[in-house]
> 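I'd like to ask some things about the structure below.
Indexing begins at 1, ligand by ligand and atom by atom, following the structure's order.
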Amino acid sequence: MAGTAELALYGHPFSSYTWKAQIALHALGLDYDFRELGEEHPEHGAFVAERGGPQGLFPVLADGERVVFEASAIIEHLDEQKQLLIPAETATDVRMLDRVFDNYVMNVMQGGVAEAIKHPGNPDPAVLADVRAKLQRTYAWLERWLEGYARPDGVTMIECAAAPSLFYANWVDQIGDEYPRLKAWRAHLNALPEVSRCIEAARPFRAYFPLGAPDRD
Ligand SMILES: N[C@@H](CCC(=O)N[C@@H](CS)C(=O)NCC(=O)O)C(=O)O
């Protein structure tokens with residue numbers, strides 16, 4: 001990895017996958033230039049469109065001349081030397097859980113958001129019901145998984161993926177009292193300094209949450 005002064009992250013403060021990369025940067029104590037997407041910076045959007053993989057998505061990390069897209073790959077790149085976020089002895093489990101949070105929480109939650117964007121004010125109830133059923137199934141699985149999870153003091157790639165996905169999934173389908181461990185873990189994640197920085201930076205954008213942001217968190 002090149003010197004930290006050369007790090008730049010393209011993303012948006014309200015974007016869950018941007019948080020995932022930012023939490024890793026914060027946990028590793030790395031300085032970075034945050035290149036926010038928006039009308040004021042069309043050059044940032046142009047960079048993401050060109051360098052953000054097949055769909056031109058964000059976040060995108062520029063480390064000197066090296067460009068990395070996909071939040072998990074960004075974390076792998078940042079952690080290559082230190083192996084703090086992906087400890088060698090638990091690497092397979094960490095990667096497996098990272099996939100769980102992306103595929104069965106974050107992307108499912110995003111499906112509900114996409115439906116609300118497609119049909120503003122009139123999302124298809126069947127689509128939302130399907131999203132909520134999938135989230136419930138994952139919540140139940142995570143509740144059982146947490147029983148045996150040796151929670152680290154700090155942050156691994158699991159926490160990087162879990163914090164934003166659970167933050168927003170809870171807005172789409174609230175984690176009920178039947179999942180006490182998951183509820184408590186989400187509260188713990190939100191309180192981590194690496195995460196709360198992201199929550200606070202995103203607060204001004206809450207009115208834009210397509211399904212309506214609940215008055216909590
Ligand atoms: N698999 C990608 C997903 C990235 C993603 O979905 N990014 C969203 C923001 S959270 C995005 O770029 N949205 C803009 C779009 O869909 O055009 C990753 O892990 O980084």
Side-chain angles (χ1 to χ4, degrees), residues 7-28 32 34-63 66-80 85-86 94-120 123 127 131 134-135 138 155-172 189 194-195 197-199 201-211 213 217:
L7 287 176
L9 187 75
Y10 293 79
H12 192 276
F14 202 43
S15 135
S16 50
Y17 277 108
T18 302
W19 286 21
K20 182 172 162 180
Q22 285 183 295
I23 293 164
L25 285 157
H26 300 164
L28 293 170
Y32 63 102
F34 188 57
R35 305 214 170 132
E36 187 169 330
L37 300 178
E39 281 170 11
E40 318 83 73
H41 292 291
E43 72 282 13
H44 296 171
F47 185 88
V48 167
E50 195 184 325
R51 309 297 299 273
Q55 303 292 323
L57 299 181
F58 48 92
V60 179
L61 181 82
D63 181 0
R66 178 96 164 90
V67 174
V68 185
F69 61 87
E70 287 292 311
S72 300
I74 291 172
I75 294 173
E76 296 267 1
H77 176 75
L78 294 172
D79 198 45
E80 221 159 31
L85 304 179
I86 310 170
V94 168
R95 291 191 174 101
M96 189 167 67
L97 265 296
D98 175 64
R99 297 297 79 228
V100 167
F101 285 104
D102 276 17
N103 291 327
Y104 310 122
V105 184
M106 199 102 97
N107 295 347
V108 174
M109 171 277 292
Q110 283 190 342
V113 170
E115 175 59 23
I117 292 171
K118 200 167 157 194
H119 301 117
V127 172
V131 164
K134 287 193 169 108
L135 286 177
T138 305
V155 164
T156 70
M157 185 161 67
I158 294 179
E159 282 69 28
C160 296
S165 58
L166 291 174
F167 183 86
Y168 286 112
N170 190 58
W171 284 10
V172 173
L189 292 171
E194 296 89 344
V195 177
R197 270 174 74 177
C198 298
I199 295 175
R203 201 174 284 282
F205 299 95
R206 286 190 180 192
Y208 299 108
F209 192 67
L211 287 161
D217 297 319

> Using the rule given for side chain to side chain contact (heavy atoms under 4.5 Å, CB included), can you reason through Leu78 versus Leu85, listing the C-alpha separation, both sets of side-chain angles and the distance that settles it, and then say yes or no?
CA-CA 9 Å; Leu78 294 172; Leu85 304 179; 5.6 Å; no
> Check each heavy atom of Gln110 against ligand 1 and say whether those closer than 4.0 Å belong to the side chain, the backbone, both or neither.
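Only the side chain of Gln110 comes within reach of ligand 1.
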> Check the angle between the aromatic planes of Phe34 and Tyr32 and answer parallel, tilted or perpendicular using the 30° and 60° thresholds.
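The arrangement is perpendicular - the two ring planes meet at more than 60°.
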> Would you tell me which option among Ala73, Gly11, Ser15, Pro164 has the nearest heavy-atom contact to atom 10 (S) of ligand 1?
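The nearest heavy atom belongs to Ser15.
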> Any idea which of Tyr17, Tyr168, Tyr10 brings a heavy atom closest to atom 19 (O) of ligand 1?
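The option holding the nearest heavy atom is Tyr17.
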> Distance to 0.1 Å, residue and atom name: give those for the protein heavy atom nearest to atom 16 (O) of ligand 1.
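Atom 16 (O) of ligand 1 sits closest to the protein heavy atom Leu57 CD2, 3.4 Å.
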> Would Glu70 count as being in polar contact with ligand 1, using the rule that some N or O on each side must be under 3.5 angstrom apart?
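The answer is yes, given that Glu70 and ligand 1 share an N or O pair closer than 3.5 Å.
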> Evaluate Phe58 for polar contact with ligand 1, using N/O atom pairs at a separation under 3.5 Å.
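Yes: some nitrogen or oxygen of Phe58 is under 3.5 Å from one in ligand 1.
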> Is the distance between the ring centroids of Phe205 and His12 under 6.0 Å?
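They qualify: ring centres under 6.0 Å apart.
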> Carefully, step by step, assess Tyr10 and Phe69 under the rule ring pair (Phe, Tyr, Trp, His ring centres under 6.0 Å).
CA-CA 10 Å; Tyr10 293 79; Phe69 61 87; over 10 Å; no
> With side chain to side chain contact (heavy atoms under 4.5 Å, CB included) as the criterion, how do His26 and Arg197 come out once you've worked through the C-alpha distance, each side chain's angles and the decisive distance to 0.1 Å?
CA-CA 9 Å; His26 300 164; Arg197 270 174 74 177; 3.4 Å; yes
> Has Pro59 got any heavy atom lying under 4.0 angstrom from an atom of ligand 1?
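Flag set, Pro59 near ligand 1.
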> Students should be able to answer this: which protein heavy-atom is nearest to atom 20 (O) of ligand 1, and at what distance?
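Of every protein heavy atom, Ala71 N, 3.0 Å lies nearest to atom 20 (O) of ligand 1.
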> Which of these, Phe101, Tyr17, Phe14, sits in a ring-ring contact (aromatic ring centres under 6.0 Å, His included) with Tyr168?
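Only match with Tyr168 under ring-ring contact (aromatic ring centres under 6.0 Å, His included): Phe14.
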